[in-house]
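Here, residue 1 is the first one in the sequence, and each next residue gets the next number. Keep in mind the model is a prediction, meaning the values are calculated, not measured.
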Amino acid sequence: MTDAHRTIDAVWKLEAARIIAALTRMVHDVGLAEELAHDALVAALEQWPGTGVPDNPGAWLTAIAKRRAVDHIRRSQRLERKHEQLAHERERQRDPEWDSGQDDVLRLMFISCHPVLPAEARVALTLRLLGGLTAGEIARAFLVGEPRIARRIAGAKRTLAEEQVPFELPDGPELAERLSSVLEVIYLIFNEGYSATSGDDLMRPGLCLEALRLGRLLAELAPHEAEVHGLVALMEIQASRSAARTGPGGELVQLHEQNRGRWDPLLIRRGFTAMLRAREIGGTPGPYVLQAAIAACHAQARTPEDTDWAQIAALYEALARLLPTPIVQLNRAVALGMARGPQAGLALVDSLTGDPALRDYHLLPGVRGDLLARLGRYGEARLEFERAASLTGNAAERAFLRRRADEIAVSGAPGVTLAQAARDFLGRDDLDAASIRSYGQTLRRLCLALGDQTPLASLTAGQVARVFATAWGEAAATTWNRHRSAVRSFCAWASLDDLAAGLDRRAETRPRTEAIDPAQLEALCDRPGLPLRERALWRLLHESAAAVTTVLSLNVEDLDLDDRRARTGGTWVNWRSGTARLLPRLVAGRTRGPLFLADRRPAPARRPARADLCPQTGRRRLSYERAEYLFKQATKTLDPAGNGYTLRQLRHRT
C-alpha cells in the first residue's frame, strides 16, 4: 500500500497540470476542474492499492476525471451545447497526430499567471495547479500559514471566475505581455528557492527544482520563444552553483570564494544548450537572455580571477537600457566596481540610496559596505554591514553580514548610538502611549535608513533630509509635518543641532469630507453579525457630531446614561435614542475604564497607560487606527472608489 501511495503521489505531481488543464477546457472553470481532478485522485487512492497501478496511470486518472466532468455537465443547464463539445473532443482525440494536452497545459499556465491576479496569488495558484503541490506544501515552502495560502488560492480562483478570464491562448501584442507574466512568476518561485527572503536556511531547494521543472515544461510548450529559453538557461546555470553556495554549517559563501569544482557541470551544459536555442531563434535579446549571458560569463571562468568583468558590465549596461529598474542598477554597480574599480561602483550605488524601491532592501547597504571596505573606509563599511543585517529576514544572510561587520576592527568607543538614544528617548516617563507610538515610527525609520549603530554625534541634516525624501517624499502634508516635529523634539532632547532645519513645513489643506448618508449608516448597523462595539461607536459618532478622538477617549465613569451625555475634558458629548439603546449593553455592568475596548488583552511587554486599561476586563482602549481600519473595511463596498470611508464622515452636520 505504501508503494502504491508513493506511485500515486509521483504520478499526481507529473500529471496534475495536464489533467486540470484538460478539464478546464471542458468545464471553463479552473476551480471546478481542480475539484474534478481531485475526485479522480481519491478514486486512485481507493482502488490502486487493491487492484494495482494501471499500465498508463496518467490516462487512467484523466479518464476518471473526464468521466466526472461529463457527469457534471449532464447535470448543468447547458446539456446540449456541452454534449456537442464533448463529442467534438472525442472525435479529435481519435486522431493520433492531435495532442491538445500540451496546448491545454500552456493555457493553464497563462490563466494561473494572469495579470489580473496579484503576484503572490499567481505564485500560489501556479504551484497548486501546475506543480501539484498542496496548500500545506506551498505554505511550508514560503514559511507562512496554510490558511493564508488556501485563502490566496481560493481568492485567485474567485477572481478568475468573476473577471471571466477565458481559457485560451492570447495572440498578437497580448501574447508578449502575458508570456512576460508567466516568466516572472516562474522566476519569482526560483528566486525564493535560491535566496529565501526569510527563515533559517539560505535556500529552499524544493522551490528551485519546481521552478526548473516549470521552466523546462514551458520551453517544450513554447519552443519558439527566445525569452523562455533565456529564463531556463539563467535558472540552470544559477542552480548549478547551489552546492557551493553554503558551507558545512549552512553559512553563505560568496561567489568569488566558492569551490567551483562543486558546481554541477550537467546543469551548466543544460544552461548553455538553452542559451544556444535562444540565440538560434534570434531577435533582440530580452531581459532573461541578457541575464543568462551574464550567468554564462561566470560559469565560463575557471577561477574568480578569470571572470570577464568588463563583458559582464557591458551586459548589465544593455540590461539597464532594456529594464531600468533599481535592482538591475544595483547589480550593475557591483559589475562596475569589479571592472573599473570600487569608486565607480560606489558612485552608482550612492545615486540609488534615495530610491524608495530600495528603501528597505538589505543588498543596497550590503553592496555599499563591500565597496567602502575595498576603498579602505572601514568605519563606514562596518555601519553599512550592520544596517544590511538588520534589514534582512534570512538568518543565514544576517549571520554572514554580521560576521563581515565584526571582521572590521573599530578604533575607540563609538559613543552613544542612534538606536541607544532612540530607546532612551522613547523610554521617558513624560510621554503618553500615543506620543510613544508616533515618535517611535519616526525613529524606527531613521534607524533602518541610517543604521542602529550610527554614532549620534555623526548625524547630519543632509542624512535626515535624504531619509525624509525617500520615506515620506510623497506622503501627505500632515504625515510629513508629524515626522518633522518628531525629529525636532528628539534633537531638542538629545541636545543636537536641529537636524530638521533643512526640511520646510508643508502647508496642510484638509479637503472637505462629505458626511455619510443616514440610509447607508442604517444599512451598515443592520448588517448581520456586526459587533455591538462597532454599532455603538458608529451611532455615537453620527449622533454626537463629536471628534473621533473625543469619543474614543470616553470612560464608563464619564457616562450619564439618563441624560444621554458624557463629560470628557472640558467638553460634553451628547447622543440620541439610537445610541441610548446600545450603550447599556456595551457597558454590561462595567463601572470604570475605557468605554470602547480592544478585542484582546495587551502583551506583557506592551502594557498601556493605566488610564487606557480596563481594570475589570484587562483589555486596553480601542485605538483610533484600529477603529478606522474596521470602518474602512466595512464600507469598501459603499465607496465608489473602493477605498472605504473614514470615521470622520460619520459626523452629522446640520
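- Across all non-hydrogen atoms, the minimal contact from V27 to A69 is CG1-CB, 4.2 Å.
- Under a 3.5 Å cut-off, the side chain of T392 and the backbone N or O of A389 do not form any donor-acceptor pair.
- Shortest non-hydrogen contact noted between L212 and M235 is CD2-CB, 3.7 Å.
- In plain terms, the two heavy atoms of L622 and A627 that are nearest each other are CD2-CB, 3.8 Å.
- Remark: F167 engages no residue in a ring pair (Phe, Tyr, Trp, His ring centres under 6.0 Å) (not counting sequence neighbours).
- Between the side chains of S181 and R122, at least one donor N or O lies within less than 3.5 Å of an accepting N or O.
- Closest heavy-atom contact between A301 and R260: O-NH1, 2.9 Å.
- Using modelled atom types, one side-chain atom of Y645 and one backbone atom of L638 make a donor-acceptor pair closer than 3.5 Å.
- Considering every non-hydrogen atom in both M109 and V182, the closest pair reads O-CG2, 3.9 Å.
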N/O donor-acceptor pairs under 3.5 Å from side chains in residues 261-277, not counting sequence neighbours:
from: R262; atom 1: NH1; to: A243; atom 2: O; distance (Å): 3.0
from: R262; atom 1: NH2; to: A243; atom 2: O; distance (Å): 3.1
from: W263; atom 1: NE1; to: Q258; atom 2: OE1; distance (Å): 3.1
from: D264; atom 1: OD1; to: L266; atom 2: N; distance (Å): 2.9
from: D264; atom 1: OD1; to: L267; atom 2: N; distance (Å): 3.4
from: T273; atom 1: OG1; to: R269; atom 2: O; distance (Å): 2.9

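- Panel note: side chain N394, backbone D201; a donor-acceptor pair is recorded below 3.5 Å.
- Put simply, the side chain of E227 gets close to the backbone of V289: a donor and an acceptor are under 3.5 Å apart.
- Side chain of R533 to backbone of L597: a donor-acceptor contact under 3.5 angstrom is found.
- Residues satisfying the side-chain hydrogen bond (donor to acceptor under 3.5 Å, both in side chains) criterion with R213, sequence neighbours excluded, are E210.
- Tested against S112 for a side-chain contact (heavy atoms from CB on, under 4.5 Å), the candidates V123, V165, L125, I20 yield a single pass: L125.
- Checking T246 against E251 by side-chain atom types alone, no donor-acceptor pair falls below 3.5 Å.
- A donor-acceptor pair under 3.5 Å is formed between the side chain of R619 and the backbone N or O of A598.
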Sequence neighbours left out, cut at 3.5 Å: what donor-acceptor pairs do the side chains of residues 48-58 make with other protein atoms?
from: T51; atom 1: OG1; to: Q47; atom 2: O; distance (Å): 2.9
from: N56; atom 1: OD1; to: A59; atom 2: N; distance (Å): 3.2

_Could you walk me through whether L127 and L207 satisfy the side-chain contact (heavy atoms from CB on, under 4.5 Å) test, starting with their C-alpha distance in whole Å, then the side-chain angles of each, then the deciding distance to 0.1 Å, before giving a yes or no?_
CA-CA 9 Å; L127 289 173; L207 286 178; 4.1 Å; yes

Show me the side-chain donor-acceptor pairs of residues 30-46 shorter than 3.5 Å, one per line, residues at least two apart or across chains.
from: E34; atom 1: OE1; to: K157; atom 2: NZ; distance (Å): 2.1
from: E34; atom 1: OE2; to: R128; atom 2: NE; distance (Å): 3.0
from: E34; atom 1: OE2; to: R128; atom 2: NH1; distance (Å): 3.3
from: E34; atom 1: OE2; to: R128; atom 2: NH2; distance (Å): 3.0
from: H38; atom 1: ND1; to: E34; atom 2: O; distance (Å): 2.9
from: H38; atom 1: NE2; to: R128; atom 2: NH2; distance (Å): 3.4

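- The closest donor-acceptor contact from the side chain of T325 to the backbone of V328 lies under 3.5 Å.
- Under the 4.0 Å criterion applied to side-chain N and carboxylate O atoms, E168 and R107 are not assigned as salt-bridge partners.
- Using a distance-only test at 3.5 Å, with no hydrogens or angles considered, no donor-acceptor pair links the side chain of R601 to the main chain of G618.
- Of the possible polar contacts, one joining the Q291 side chain to the P287 backbone as a donor-acceptor pair under 3.5 Å is found.
- Surrounding CZ of R216 are more than 12 heavy atoms belonging to other residues, nucleotides or ligands, all under 6.0 Å away.
- Residue pairs that meet the ring-ring contact (aromatic ring centres under 6.0 Å, His included) test with at least one member in residues 193-244, sequence neighbours left out, are F190-Y194.
- Residues L188 and A119 come closest through the heavy atom pair CD1-CB, 4.4 Å.
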*Derivation and outcome, side-chain contact (heavy atoms from CB on, under 4.5 Å), residues E192 and I189*: CA-CA 5 Å; E192 184 59 32; I189 296 170; over 6 Å; no

